[in-house]
Amino acid sequence: MFSRFFIERPIFATVVSIVIVIAGLVAVLALPISQYPEITPPTVEVTTSYPGASAQVLAETVASPIEQEVNGVEGMIYMQSRSASDGRYTLTVTFEVGMDVDMAQILVQNRVDTALPKLPEEVKRQGVNTKKKSTAFLLFIALTSPDGRYDNLFLNNYATLNIKDELSRIYGVGDVDVFGDQDYSMRIWLDPEQLKARDLAAGDVIRAIEEQNIQVAAGQIGQPPA
């Protein structure tokens, strides 16, 4: 009976159809439409390092204060941490599906800032980084030297200086990691007997090296004093 009403009134049915089509076109342009719905929970990663610390010391002095503050942050599902024997600490906080990842990063950063006064001074100097980062890898790139001219240290340093920053600036790339991270450095061995004879500790040697390892601006010749 309802359909017969429109069959007997074709002009009215045509007008209603046109109105419905126009309303649909307006809705398509106005309503948010997602082609790929969010099915992966967003994650925020907190990283820092404590040079010279073991995994146990790292867990007690760095992981515990940070996790106590971050635990229970709004929208969090669970968190997973890793304290490595080389002094590196990583905390991955997983949030509910649909959570704004930018807001999640801000919430975690605020909690980490609260824990900073409880961290060792060396960790504060290294810095605590909070990034929105997916746990899935998109691409692996391997650098090799076919003729053996360059060793792993050179290739690692080349990737850090010339490739990592370029890839990080690509739209959609959250972070770039260099595996087996190696930097040019100087290792110093201390003789305990010599330190004892001079009434010195390892911290005194470190401070002396830091004082001498400073880039001082020499100024310019022929310029007026400022």
Side-chain angles (χ1 to χ4, degrees), residues 40-73 76-95 101 104-144 151-165 167-168 173-190 201-203 205-207 209-210 213:
T40 304
T43 57
V44 176
E45 187 179 78
V46 180
T47 58
T48 186
S49 61
Y50 192 177
S54 62
Q56 181 178 357
V57 173
L58 192 64
E60 295 174 353
T61 60
V62 179
S64 180
I66 294 179
E67 293 173 11
Q68 287 178 0
E69 297 295 338
V70 175
N71 186 30
V73 65
M76 185 192 78
I77 301 177
Y78 61 89
M79 61 183 182
Q80 181 180 8
S81 65
R82 180 173 61 88
S83 300
S85 58
D86 59 354
R88 298 186 181 186
Y89 170 73
T90 304
L91 172 65
T92 303
V93 185
T94 304
F95 289 84
V101 66
Q105 181 182 3
I106 294 175
L107 294 174
V108 174
Q109 182 64 58
N110 293 338
R111 296 293 187 95
V112 172
D113 292 341
T114 305
L116 283 179
K118 305 176 185 179
L119 302 180
E121 291 297 329
E122 184 63 27
V123 177
K124 296 179 184 178
R125 286 195 293 267
Q126 296 291 330
V128 181
N129 300 319
T130 303
K131 297 181 179 179
K132 50 183 179 180
K133 181 179 179 181
S134 174
T135 56
F137 290 99
L138 178 64
L139 178 67
F140 285 93
I141 300 176
L143 296 182
T144 59
D151 57 4
N152 293 334
L153 180 59
F154 179 89
L155 294 176
N156 193 285
N157 191 260
Y158 180 85
T160 302
L161 297 178
N162 300 281
I163 299 178
K164 181 178 180 180
D165 294 338
L167 296 178
S168 300
V173 176
D175 194 14
V176 178
D177 290 332
V178 180
F179 292 95
D181 196 6
Q182 300 177 2
D183 295 325
Y184 290 102
S185 60
M186 178 176 60
R187 178 173 295 180
I188 300 175
W189 285 268
L190 302 179
V205 179
I206 294 176
R207 284 191 294 271
I209 296 175
E210 290 178 348
N213 188 28

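As the structure is a computational prediction, the values presented were derived from the model and not from experiment.
- Under the 4.5 Å side-chain criterion, counting only non-hydrogen atoms from C-beta, Tyr89 is in contact with Ile66.
- Of the options Val128, Val57, Thr48, a side chain to side chain contact (heavy atoms under 4.5 Å, CB included) to Val62 is made by Thr48 and by none of the others.
- Judged purely by atom type and a 3.5 angstrom limit, Asn157 has no side-chain atom pairing as donor or acceptor with the backbone of Leu153.
- In this structure, OH on Tyr50 lies 10.5 Å from CD on Gln126, to the nearest 0.5 angstrom.
- Side-chain atoms of Ser54 never come within 3.5 Å of backbone atoms of Ser85 as a donor-acceptor pair (strictly under, hydrogens ignored).
- The shortest heavy-atom contact between Arg111 and Gly72 is NH2-O, 3.7 Å.
- Looking at Val112, Val46, Thr47 one by one, the single match for side chain to side chain contact (heavy atoms under 4.5 Å, CB included) with Leu91 turns out to be Val46.
- Closest heavy-atom contact between Leu58 and Arg88: CD2-O, 3.2 Å.
- The residue from Asn71, Thr94, Thr92 that alone fulfils the side chain to side chain contact (heavy atoms under 4.5 Å, CB included) condition with Met79 is Asn71.
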### Task
Go through the steps for Arg207 and Glu210 under the test salt bridge (Lys or Arg N to Asp or Glu O under 4.0 Å), then give the verdict.
CA-CA 5 Å; Arg207 284 191 294 271; Glu210 290 178 348; over 6 Å; no
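- Side-chain contact between Leu107 and Val44 is absent, with no heavy atoms from C-beta onward closer than 4.5 Å.
- The two residues Ser83 and Ala55 have their closest heavy-atom pair at O-CB, 3.5 Å.
- Proximity of Leu119 to Pro65: side-chain heavy atoms (C-beta onward) are separated by under 4.5 Å at one or more points.
- Residues Asn156 and Asn152 fail the side-chain proximity criterion, which asks for heavy atoms closer than 4.5 Å.
- Taking every heavy atom of both residues into account, Glu69 and Lys118 meet most closely at OE2-NZ, 2.8 Å.
- The heavy-atom pair separating Met76 from Phe95 by the smallest distance is N-CD2, 3.7 Å.
- The closest side-chain heavy-atom distance from Leu139 to Leu167 is not below 4.5 Å.
- At least one donor-acceptor pair closer than 3.5 Å links the side chain of Gln105 to the backbone N or O of Thr130.
- Counting only heavy atoms from C-beta outward, the side chains of Thr90 and Glu45 approach each other to under 4.5 Å.
- Residue Ala59 comes nearest to Ala63 through the heavy atom pair O-CB, 3.4 Å, listed as atom of the first residue, atom of the second, then distance.
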